[in-house]
Amino acid sequence: MRNRIKKTAGWLHSTLIMAIITPLLYALGAERQDAIGQTLYLKCLLIAFPIIITDLAIERCRGLFSYLIISILTFAATGMIGWRIAGSIRDNVMLWGYMLLLLGETAFVIICRIISRLQKKEEKEAARGEDPSWRPAYDALREPAFPVLAFFLAAYVVALNLDNPAVCNAALFSAALYTPVTFLYHYICETENYLALNKRTCNLPSKRIYGIGNGMLALFLLLFLLILLPALFTISGRHYRDLRKWTAPIDIDFTELPTERMEESPEEDPMALLMAESGEPKPTPKWLIALSYIMEALVFLFTIILLLKSIISTFHAFRTAADENGDIVEELEDTEEARRITLPARRRKLSERERIRKEYRKTIRRHRKDRPAAYESPDEIETNAGIADREDIKELHRNYELARYGRE
């Protein structure tokens with residue numbers, strides 16, 4: 001339940017931030033309030049669709065290719081839905097601005113999800129002790145933060161001084177919803193962190209801690225509602241101003257300026273004189289032209305190779321960073337000894353001993369998701385895989401021990 005609350009809080013966090021960007025930009029260019037500005041914020045809430053879909057997809061897709069397919073379909077669906085709900089801004093320049101910003105935000109969300117997924121590989125390496133200086137990065141699409149309230153305050157102040165009530169109301173609504181969501185998210189995270197740090201404490205009253213925390217959170221939300229009510233009831237008495245009308249254009253009477261022109265004295269061009277003295281330039285040697293072409297081709301090929309290498313490593317890192325319910329998924333790879341045995345076997349027929357060991361590895365991979373530790377015995381490996389009681393496994397176990405520990 002708490003994980004669902006945190007996930008929903010992340011969706012609301014990114015939706016409220018991105019939905020107000022387009023109305024705010026519209027307020028900067030619009031000279032008066034109209035029907036478009038009043039409904040534009042509701043149309044921009046469509047960004048919640050790609051935010052939710054990409055978040056669910058990034059957790060379930062093992063490979064980057066499958067995630068990109070879902071992202072492309074989500075991008076196209078967002079564009080079609082946005083075009084359909086455009087409504088009053090159809091056949092207007094605002095339509096293209098709205099669609100451009102909506103699709104741009106969708107592409108930004110897709111890229112941020114990929115970056116967040118790739119950071120899980122660094123987290124896995126840090127868990128193994130390979131990078132002790134690693135620190136978890138801030139996820140801009142998942143973690144609500146209190147400094148974001150300054151963004152809504154800035155949007156409110158800007159719209160107030162641009163005579164745009166619709167954006168003021170949208171900023172007030174976003175801040176009013178964002179504040180309790182952020183408090184709830186950080187309350188859950190900090191409580192879980194406290195319980196994790198004290199998990200070895202005997203008889204830790206976790207239910208009582210959550211009970212006291214829930215009561216204090218409910219009290220805060222009640223106080224916040226009481227503070228918010230005056231702002232809601234005084235919306236109609238809000239005073240607007242338009243700073244763009246404070247500066248009037250200055251008219252200049254050009255009839256009073258002198259009309260006589262000063263005769264320009266003819267001057268010679270110094271560059272023309274220099275070129276005339278030096279004569280015609282010598283032609284570029286053919287070997288130098290050929291060398292430049294060769295260098296350009298080498299640089300182009302080198303760039304292509306680096307790009308392909310980066311793409312391949314990105315796909316590999318994306319796949320190795322997969323997780324299931326917060327557990328890092330590791331591929332069950334062969335050990336160095338197994339590689340020395342299996343690689344030559346591709347060029348010759350496997351012996352009986354090699355065949356049994358290969359069959360044993362394949363059987364363990366089918367029934368066990370994680371990689372067995374180096375210190376585990378065959379009995380422990382089969383027990384952790386949940387297949388130790390099967391008759392066929394017992395027979396395979398006897399053959400494997402004979403093949404592995406027996407003499408030639």
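Scope of the values below: all heavy atoms of this structure, side chains included, with no hydrogens, waters or symmetry mates.
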**Request:** Go through Y210 and R2 one step at a time and tell me if the side chain to side chain donor-acceptor pair (under 3.5 Å) criterion holds.
**Result:** CA-CA 11 Å; Y210 274 113; R2 290 188 292 269; 3.3 Å; yes
**Request:** Carefully, step by step, assess Y185 and E190 under the rule side chain to side chain donor-acceptor pair (under 3.5 Å).
**Result:** CA-CA 9 Å; Y185 176 84; E190 293 301 327; over 6 Å; no
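- Nearest heavy-atom pair across A231 and L172 is O-CD2, 4.2 Å.
- Annotation for I85 and Y98: closest pair CD1-OH, 3.7 Å, computed over non-hydrogen atoms.
- Under the 30°/60° scheme for interplanar angles, the aromatic rings of F146 and F183 are found to stand perpendicular.
- R357 places no side-chain N or O within 3.5 Å of a backbone atom of A403 that could act as its donor or acceptor partner.
- A donor-acceptor contact shorter than 3.5 Å links the side chain of R113 to the backbone of I51.
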Could you give the side-chain donor-acceptor pairs of residues 99-106 under 3.5 Å, partners two or more places apart or in another chain?
{"unit_1": "T106", "atom_1": "OG1", "unit_2": "L102", "atom_2": "O", "d": "2.9"}

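- Counting heavy atoms of neighbouring residues, nucleotides and ligands inside a 6.0 Å radius, atom CG of D389 does not exceed 12 of them.
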**Request:** Kindly indicate, with the supporting measurements, whether the criterion salt bridge (Lys or Arg N to Asp or Glu O under 4.0 Å) is fulfilled by R368 and E376.
**Result:** CA-CA 14 Å; R368 192 170 171 179; E376 291 186 16; 2.9 Å; yes
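- Side chains of M18 and L141 form a contact here, defined as non-hydrogen atoms less than 4.5 Å apart.
- Two residues are said to be in side-chain contact when any heavy atoms from C-beta on lie closer than 4.5 Å; F152 and L16 meet this criterion.
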Side-chain donor/acceptor pairs under 3.5 Å, residues 154-162, sequence neighbours excluded:
{"unit_1": "Y156", "atom_1": "OH", "unit_2": "R238", "atom_2": "NE", "d": "3.0"}
{"unit_1": "N161", "atom_1": "OD1", "unit_2": "R241", "atom_2": "NH1", "d": "3.1"}
{"unit_1": "N161", "atom_1": "ND2", "unit_2": "V157", "atom_2": "O", "d": "2.7"}

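- Residues I110 and Y67 meet the side-chain proximity criterion, which asks for heavy atoms closer than 4.5 Å.
- Using bins of under 30°, 30° to 60° and over 60° for the plane-to-plane angle, the ring pair H13/Y178 lands in the tilted bin.
- In plain terms, the two heavy atoms of A171 and I20 that are nearest each other are CA-CD1, 3.5 Å.
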**Request:** Test side chain to side chain donor-acceptor pair (under 3.5 Å) on Y41 and T22 and set out the steps.
**Result:** CA-CA 8 Å; Y41 178 73; T22 301; over 6 Å; no
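- Closest approach of R62 and S66 over heavy atoms only: N-OG, 4.4 Å.
- A salt bridge links R355 with E352: the distance from a Lys NZ or Arg NE/NH1/NH2 to an Asp or Glu carboxylate oxygen falls below 4.0 Å.
- Residue F108 places its CZ atom among 12 or fewer non-hydrogen atoms of other residues, nucleotides or ligands, all under 6.0 Å distant.
- Of all non-hydrogen atoms in P144 and H186, the two that sit nearest each other are O-NE2, 2.8 Å.
- Using a 4.5 Å cut-off on side-chain heavy atoms (C-beta onward), W11 and V181 make no contact.
- No side-chain donor-acceptor contact under 3.5 Å links S116 to the backbone of C112.
- Applying the side chain to side chain contact (heavy atoms under 4.5 Å, CB included) criterion to E391, with sequence neighbours excluded, gives K394.
- Annotation: side chain of L68 is in contact with side chain of I114 (closest heavy-atom distance under 4.5 Å).
- Using a 4.5 Å heavy-atom threshold, the side chains of P378 and Y400 count as touching.
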**Asked** When you look at E59 and K7, which way does the salt bridge (Lys or Arg N to Asp or Glu O under 4.0 Å) test go after all the steps?
**Response** CA-CA 12 Å; E59 293 180 350; K7 186 180 293 294; 2.6 Å; yes
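- For the pair Y194 (side chain) and I209 (backbone), a donor-acceptor distance under 3.5 Å is absent.
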**Item:** Working for side chain to side chain contact (heavy atoms under 4.5 Å, CB included), residues H367 and I393
**Value:** CA-CA 11 Å; H367 296 86; I393 299 301; 5.6 Å; no
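- Listed for the H397 side chain is no donor-acceptor partner under 3.5 Å among the backbone atoms of D392.
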